[in-house]
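Presented below is the structure to which this report refers.
Here, residue 1 is the first one in the sequence, and each next residue gets the next number.
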Amino acid sequence: MEKSIVYHGSNVEVAVPRILQNGFYKDFGYGFYCTNYEKQAKRWAMTKKGESVINRYEYELCMDLKILSFDNMTDEWLDFVAKCRMGIEHNYDIVEGPMADDQIWNFVEGFIDGRIPRKAFWELVKFKYPTHQISFHTISALDTLKFIGSEVAYGQKK
């Protein structure tokens, strides 16, 4: 089976990932979101209150799971993201692909309410492509992750 390293940006160490349902829908619906890009996880972490923590996991692909993967932003990807953002649930264990472009709006909101300092804001809006996210939607999907460790990203916030 294929193994890789994925990262999760947070304000805490997440040794035991969970699927949290919050008040808004994400690109691929409710799930535990990671990325192949450590730099992207760091930027995700910077948008959180408190410390910026980058969590690392070994991800072992399991072909027994129902996986949907998008290599690029396509019409199929757009339709899937639109449905998820409207709260329409899917039955995939894992979904992987690019991120939607509305991240910049989230960064603007974070800057306005004081969660993101000006310097960090400009670093965040530089972040465009490539982007990557992999979301884990079931307990079986979370079982493909093995926590390796975490580190606090210093120098990012005041």
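A single hydrophobic cluster is not seen to contain both Ile94 and Val16; linkage of ILVMFWY side chains at heavy-atom distances under 4.5 Å, directly or through other members, places them apart. Both Tyr33 and Val95 are members of a single hydrophobic cluster when ILVMFWY side chains are connected at heavy-atom separations under 4.5 Å. When the side chains of ILVMFWY residues are joined at heavy-atom separations under 4.5 Å, either directly or via intervening members, Val12 and Leu145 end up in a single hydrophobic cluster.
Taking every heavy atom of both residues into account, Val14 and Phe147 meet most closely at O-CD1, 3.5 Å. Heavy-atom minimum distance, Thr35 versus Ala41: CG2-N, 3.7 Å. Annotation for Gly31 and Ile19: closest pair CA-CG2, 3.7 Å, computed over non-hydrogen atoms. For the pair Met99 and Thr131, the tightest heavy-atom approach, listed with the atom from each and the gap, is N-OG1, 3.1 Å. Smallest separation of non-hydrogen atoms from Ser150 and Val53: CB-CG1, 3.8 Å. The two residues Pro17 and Tyr57 come nearest to each other via the heavy atoms CG-CE2, 3.7 Å.
Taking CG of Leu68 as the start and CG of Asn91 as the end, the distance is 10.0 Å to the nearest 0.5 Å. Atom NE2 of His90 sits about 11.5 Å away from atom NZ of Lys83, to the nearest 0.5 Å. From Ile54, atom CD1 reaches atom CE of Met46 across 9.5 Å, with rounding to the nearest 0.5 Å. Of the inter-residue distances, the one linking Ile5 atom CD1 with Cys34 atom SG reads 11.0 Å to the nearest 0.5 angstrom.
In this structure Tyr7 satisfies the ring pair (Phe, Tyr, Trp, His ring centres under 6.0 Å) test with no other residue, sequence neighbours excluded. For His8, there are no side-chain hydrogen bond (donor to acceptor under 3.5 Å, both in side chains) partners at least two apart in sequence or on another chain. Qualifying side-chain contact (heavy atoms from CB on, under 4.5 Å) partners for Asn36, counting only residues two or more places apart in sequence or in other chains: Val6, Glu96, His132. For Glu89, the salt bridge (Lys or Arg N to Asp or Glu O under 4.0 Å) criterion is met by no residue, not counting sequence neighbours.
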Next on the checklist: Using ring-ring contact (aromatic ring centres under 6.0 Å, His included), reason through Phe80 and Phe70 one step at a time and then give a plain yes or no.
Outcome noted: CA-CA 10 Å; Phe80 187 82; Phe70 299 100; 5.7 Å; yes

Next on the checklist: Evaluate Tyr59 against Leu61 for side-chain contact (heavy atoms from CB on, under 4.5 Å), listing each step before the verdict.
Outcome noted: CA-CA 6 Å; Tyr59 164 55; Leu61 181 63; 3.3 Å; yes

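Put simply, the side chain of Ile67 does not reach to within 4.5 Å of the side chain of Tyr92, judged on heavy atoms.
The stretch residues 142-153 participates, sequence neighbours left out, in these salt bridge (charged side-chain N to carboxylate O under 4.0 Å, His left out) pairs: Arg56-Glu151.
Relative ring orientation between Phe32 and Phe136 is described as tilted, the plane-to-plane angle lying within the 30° to 60° band.
Clustering of Ile, Leu, Val, Met, Phe, Trp and Tyr side chains at separations under 4.5 Å places Ile88 together with Met86.
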